Number of protein chains: 2
Amino acid sequence: MARPRQFDEEKVIESLMNVFWEKGYEATSMQDLVAASGLLKGSLYGAFGDKHAMYVAALRHYDRTRIQSGIDMLNGDGSARQKIARLFDNVIESTRRGLFAGGCLLCNASLEKAATDREVKNEVRTTIRRLKVAIMGALETRIANEDEAASLAAFIVSAYFGSRVLAKGGAPAAMIGDTRDRCLQLVP
Amino acid sequence: MARPRQFDEEKVIESLMNVFWEKGYEATSMQDLVAASGLLKGSLYGAFGDKHAMYVAALRHYDRTRIQSGIDMLNGDGSARQKIARLFDNVIESTRRGLFAGGCLLCNASLEKAATDREVKNEVRTTIRRLKVAIMGALETRIANEDEAASLAAFIVSAYFGSRVLAKGGAPAAMIGDTRDRCLQLVP
DNA sequence: GAGGTTATTGACTGAACGGTCAATAATAAA
DNA sequence: TTTATTATTGACCGTTCAGTCAATAACCTC
C-alpha cells in the first residue's frame, strides 16, 4: 500500500548515536547526522521528527546496546570483584587506546542535557537505575542485605562515572586505577 | 595615553562564567554573553579575542574562586572525614535546593570539551591536580604514606565527580548520600 | 496495472551563529 | 590644547543552523 523504508533503521540510529556520542548534542549539526547516516535531511526528519528526537533515540539505542552489554557482563560468570574491576578496566583500556574520544554517552548526556531536558533526564535516570540493579545483582552472592547491596551499587556507579570524567578530563590513567582499586576494597 | 576600560574585568568574567556554567560551551551564544555581561559584542571581542578565549578565562576564574574555596575548606579546620563529607554534602544540598542547574563547571568542561580541546584539557588537568593535592593535604594527619594518600585522594576526586554526574542526571539524592558514606568508609 | 500511500529528494527558508570594522569617544602624556 | 592611543559602539558580514515542502519515486493492495 505504501513505499517502504529504504534504510535499516537500527543501522541509521547506530550512526546517529556515534555522532552524538563523539561530539555531544549541541556540537552535532544536522549536516553531521546526514553525513554519518547516509540519508538526506528530509528522510531523517520524516523518520524521527527533529534533532532532539534523534538524540533521544540515540540514548535509547545506547542503553539497548552498550549499557546492555555491560549488564550482560555483570550477569555473567566471574566473581563480583572481577566484574566490578572490569568496568573500570574498560575505561582505562579505551583511554589508553585513545582512538575514540566519546567516553560514556550516558555520562555525557547527564552533564550536557539531563538537567534542562525532561525527556533526556528520564532516559538517563532509567539507564542509571538499570546499571545499578545489575551491579546489585553482581554483588548478590556476597551481600545478603539488599539495602547494603543497593548502597554499595550506588557508590560503584558513582565511582565509575567519576572515572569517566577523569578519563575525558585528561587525568593520568593511574588515578582511574586508584579509583578501581579503592572501590574494590569495599567489595567483599 | 589611552582610554581606560569602563568595566570591571573580574565582574565581567564572573558573568561570562555563570553563563558557560549553566548552559555549557556550545549552547552558549555570543548574545547570551552580551546579555549577561552588559557589554557589547565588540568590547567582549576586544577584551578576550573570541568565544573560546572567554571560555578558558571562565574556567580559570572557576578555578580561582569556586575550586579555591573548596580547597580553603579542605585546608581549614575539622577532621579529614568531616571535610570529605562536606564535599558531597555540598552536592546534595545544591541538588536539593535545585535553583541552579549548572552542577560543577570543572566536570562539565571535562566531558564537553576537554577531550577535543588542548587548552581546556590543560586547564582541567591543572585544576584536578590542585583538588587532589588539597585532598591529600586533608588526609595528611591520618595517612602518613604519601602514595596511599595520593591513591585515596584520586579515588575521592573520582567519587566526587561521579556524584556530580548522578546529581545532574537526576538520580535520587540517596545515591549521592550512599556515595558519600561509602567513601567515608575508606577515610581513616 | 491502476490507485492509494508513504518515502525520497534537493532546493529552499528565515533566523541565529561567531566574528569584523569604521566611526566615535574617552583618556593620559606632552 | 594637542596628540597618540585605546575603548566603545552598533551596523554589518558571510556562514551555518534546524527545519520545510512540493515534486517525484517506489511499493502494496486490489
Side-chain angles (χ1 to χ4, degrees), chain A residues 1-59 61 108-109 112-113 116-120 123, chain B residues 1-59 61 108-109 112-113 116-120 123:
Chain A
M1 220 183 192
R3 182 177 181 176
R5 291 257 164 89
Q6 288 182 260
F7 57 88
D8 177 332
E9 190 164 330
E10 281 293 297
K11 276 185 188 156
V12 166
I13 294 179
E14 168 85 16
S15 67
L16 301 181
M17 180 193 74
N18 283 326
V19 182
F20 285 127
W21 192 357
E22 184 156 13
K23 310 184 64 154
Y25 179 79
E26 293 290 346
T28 294
S29 71
M30 284 306 306
Q31 264 319 305
D32 295 330
L33 299 173
V34 165
S37 64
L39 302 191
L40 290 177
K41 217 183 246 201
S43 294
L44 284 171
Y45 277 94
F48 296 98
D50 60 11
K51 183 186 171 188
H52 183 266
M54 296 175 209
Y55 187 67
V56 173
L59 291 182
H61 185 71
N108 301 351
E112 190 189 357
K113 287 212 69 66
T116 54
D117 185 319
R118 209 191 84 261
E119 232 175 319
V120 170
E123 287 304 317
Chain B
M1 222 187 191
R3 183 177 180 176
R5 291 259 164 87
Q6 287 180 256
F7 57 88
D8 178 333
E9 189 163 331
E10 282 292 298
K11 278 184 187 156
V12 166
I13 294 179
E14 168 83 16
S15 66
L16 301 181
M17 181 194 72
N18 283 325
V19 182
F20 285 127
W21 193 355
E22 184 156 14
K23 310 184 62 154
Y25 179 79
E26 293 290 347
T28 294
S29 71
M30 284 307 304
Q31 264 318 305
D32 295 329
L33 299 173
V34 164
S37 65
L39 301 191
L40 291 177
K41 218 183 245 201
S43 294
L44 284 172
Y45 277 94
F48 296 98
D50 61 11
K51 183 186 171 187
H52 184 265
M54 297 175 209
Y55 187 68
V56 173
L59 291 182
H61 185 71
N108 302 351
E112 190 189 357
K113 286 211 69 67
T116 54
D117 184 318
R118 209 192 84 261
E119 232 175 318
V120 169
E123 288 302 319

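Just so it is clear, the structure is predicted and the values come from calculations on it, not from any experiment. Chain letters run A, B, ... following the sequence lines, proteins first, then strands; residues in each count from 1.
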Lys51(A) NZ/CZ over Tyr25(A) ring centroid, <6.0 Å and within 45° of normal:
yes

Chain A contact limits on DNA chain C, taken 5' to 3' with a cut-off of 4.0 angstrom to heavy atoms:
dG4(C) to dG10(C)

Without swapping roles, check the side chain of Lys113(A) against the backbone of Glu119(A) for a donor-acceptor pair under 3.5 Å.
no

Under the 3.5 angstrom rule, does the side chain of Glu9(B) hit a backbone N or O of Ala47(B) as a donor-acceptor pair?
no

Rounded to the nearest 0.5 Å, what's the gap from [atom1] on [X] to [atom2] on [Y]? Could you check?
X	Y	atom1	atom2	result
Glu10(B)	Met17(B)	CD	CE	10.0 Å
Phe20(B)	Glu26(B)	CZ	CD	10.0 Å
Leu33(B)	Phe48(B)	CG	CZ	9.5 Å
Lys11(A)	Ile13(A)	NZ	CD1	13.0 Å

Which heavy-atom pair separates Ser15(A) from Ala36(A) by the least distance, and what is that distance?
CB-O, 3.6 Å

For a quick test of reading the model, state the closest non-hydrogen atom pair linking Val12(B) to Leu44(B) and the distance between them.
CG1-CD2, 4.1 Å

If the test is side chain to side chain donor-acceptor pair (under 3.5 Å), which one of Asp32(B), Thr28(B), Asn108(B) qualifies with Lys23(B)?
Asp32(B)

Atom CD of Gln6(A) and atom P of dC28(D) are separated, to the nearest Å, by 11 Å

Output the rounded distance in Å from CG (Leu39(B)) to P (dG10(D)).
12 Å

Tell me which residues in residues 45-57 of chain A lie within less than 4.0 Å of DNA chain D, going by non-hydrogen atoms.
Tyr45(A), Asp50(A), Lys51(A)

5' priority, DNA chain D, between Ala2(A) and Gly42(B) [closest heavy atom]:
Gly42(B)

Carefully, step by step, assess Asp117(A) and His52(A) under the rule side chain to side chain contact (heavy atoms under 4.5 Å, CB included).
CA-CA 10 Å; Asp117(A) 185 319; His52(A) 183 266; 2.5 Å; yes

On DNA chain C, nearest-nucleotide positions of Pro4(B) versus Pro4(A): which is more 5'?
Pro4(A)

Among residues 11-32 of chain A, which contact DNA chain C at a heavy-atom distance under 4.0 Å?
none

So, does the side chain of Arg3(A) form a donor-acceptor pair with the base of dA25(D) at under 3.5 Å?
yes

